[in-house]
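A short write-up of the structure that comes next.
These values consider heavy atoms only, across backbone and side chains, with no hydrogens, waters or symmetry-generated copies. All chains are named by letter (A, B, ...) in the order of the sequence lines, taking the proteins before the strands, and each is independently numbered beginning at 1.
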Number of protein chains: 2
Amino acid sequence: MQSRSPASRTGRPRSAAADAAILAATRAALVELGWSKLTLGDVATRAGVAKTTLYRRWAGKNELVVDAVAELFDELELPDSGSLAADIEGVVLQFATILARPEAKSGLMAVVSEATRDDALRERIRASVVERQKRLVLAGRSRAQARGELPPEPDAEAAARTADLIFDMVAGAVVHRTLVSAEPADEEWVRSFTRVLLQGLT
Amino acid sequence: MQSRSPASRTGRPRSAAADAAILAATRAALVELGWSKLTLGDVATRAGVAKTTLYRRWAGKNELVVDAVAELFDELELPDSGSLAADIEGVVLQFATILARPEAKSGLMAVVSEATRDDALRERIRASVVERQKRLVLAGRSRAQARGELPPEPDAEAAARTADLIFDMVAGAVVHRTLVSAEPADEEWVRSFTRVLLQGLT
DNA sequence: GCGTTACGCTACGTCTCGTAGCGAAAGCCC
DNA sequence: GGGCTTTCGCTACGAGACGTAGCGTAACGC
């Protein structure tokens, strides 16, 4: 969602239902057609809105798909399973499950690819997907430090670097396993991965 | 390159120079235009061939870019630096350097995205990029095992699984760091990453 | 009711796609 | 050299998506 200018309190308000319908239609189109064959005209028809309405809210296909996919990851939550290993396994498995869905698979990588030449788009992805879910890493770590499973970081900067590294390793490995190797990131794989990661962090 | 039927020994042979020119033109177009704005007509013009010639050799944009990008990774080689940590750091840094190039960035992720709905394309990627470079993991490991830095695997199946896991972790982390986090995978980052990975494997 | 903004609809020029058809060129074999 | 086969360059084409403009209507706040 782009921040509409807060001064605009007059006139007909934008339909929130239309936003939801458009994003849902985008995901449905991603499932059926994939990124490359998805057209904005088709999305508009599915959502029951005019094509012009769609263009008034999003700059293009890229921004629309980022918003549609970002919602998928909001259902992630950190389980409170008592041990760091189980916490990581739980979150990684959830992440893998979401990423296995076709709308996430074909949508996410496509916009990441586009973002290599579009700074604004990359920032949009970072803010609405990555930074939003980094909370899981931070919460899991502080919980583990309270239990004494992880050593405290020497300073704030090092803590941020480590969190970034963990995020890159977790997200990267799951994405590569799922999309490139095209093998399921199932429980057995998650256990092996967690063991390597956890042993490396202590 | 698709395997032309070996029985066709008659007629005018295909120009090998044209193949090279097309792949080079594809990389140049990826640099200047990126994936989404790259058109096959433009590539043909750059390469100095007719558009029809291009369609006679490749099924479409996806296959062409896979071949063009795959060549980039052939320059990877395993340094013989004496220790496993230095070997890994060297390869990861090479990989990161290649991936930082714009033609690799925008091309690779785009075809991976397309491959989520195209089994043949995914297999093409796997064969010409992933499987081709997995040699580095295998060579590095056997060398480290000979030096006693890594324990021998119990059986062949477990060895293959571990190799796959390592590949997913290395490639995934570098890709995520470079493309999503959009931070350089420089020497400092590579050292941190290698430390975590290596400690997790022993 | 009045001003303002969002909406649906239609129409349009532009671009890329992928293919078809043609004559010419470049090899092999006799 | 002549014939056969396949590739090549070129042109042209219909199809489809893009993104925008213009218009009349609908929905809100004051």
Fill in: No-hydrogen, no-angle side-chain donor-acceptor test under 3.5 Å, B:R135 and B:Q133
yes
Discussion item. Could you check whether atom CZ of A:R132 has more than 12 heavy atoms from other residues, nucleotides or ligands sitting under 6.0 Å from it?
Written reply: no
Discussion item. Between C:dG27 and B:R14, counting only base atoms on the nucleotide and side-chain atoms on the residue, is there a donor-acceptor pair under 3.5 Å?
Written reply: no
Worksheet item: What integer distance in Å separates B:L33:CG from C:dT16:C1'?
Response: 13 Å
Worksheet, complete the sentence: Whole-Å distance, A:L40 CG to C:dG8 P, equals 15 Å
Worksheet entry | Residue-phosphate contact under 4.0 Å: A:R12 side-chain N/O, C:dT4 OP1/OP2 | no
Item to complete: Figure out the NZ/C1' separation between A:K37 and D:dC18, and round it to whole Å.
Response: 18 Å
Worksheet item: Can you find a heavy atom in the side chain of A:E103 that is under 4.5 Å from one in the side chain of A:L72?
Response: yes
Worksheet item: Can we say A:R177 and B:D164 salt-bridge, meaning some charged N sits less than 4.0 Å from an Asp/Glu carboxylate O?
Response: no
Item to complete: Rounded off to whole Å, could you give me the CG-to-C1' distance for the B:D19 and D:dT7 pair?
Response: 12 Å
Worksheet item: Can you check the A:K61 NZ to C:dT16 C1' distance for me, whole Å?
Response: 13 Å
Worksheet entry | Atom-pair distance (OH on A:Y55; P on C:dC9), nearest Å | 17 Å
Worksheet entry | B:E114 and A:S36: side chain donor to acceptor below 3.5 Å | yes
Item to complete: Identify, residue by residue, the members of residues 47-54 of chain A with a heavy atom below 4.0 Å from DNA chain D, and return them in order of residue number, or none.
Response: A:K51, A:T52
Worksheet entry | Interatomic distance where CG belongs to B:N62 and P belongs to C:dC17 [whole Å] | 12 Å
Item to complete: Grab the CH2-C1' distance between A:W58 and D:dT20 for me, whole Å please.
Response: 19 Å
Worksheet entry | Interatomic distance, A:R195 atom CZ to B:L165 atom CG [nearest 0.5 angstrom] | 8.5 Å
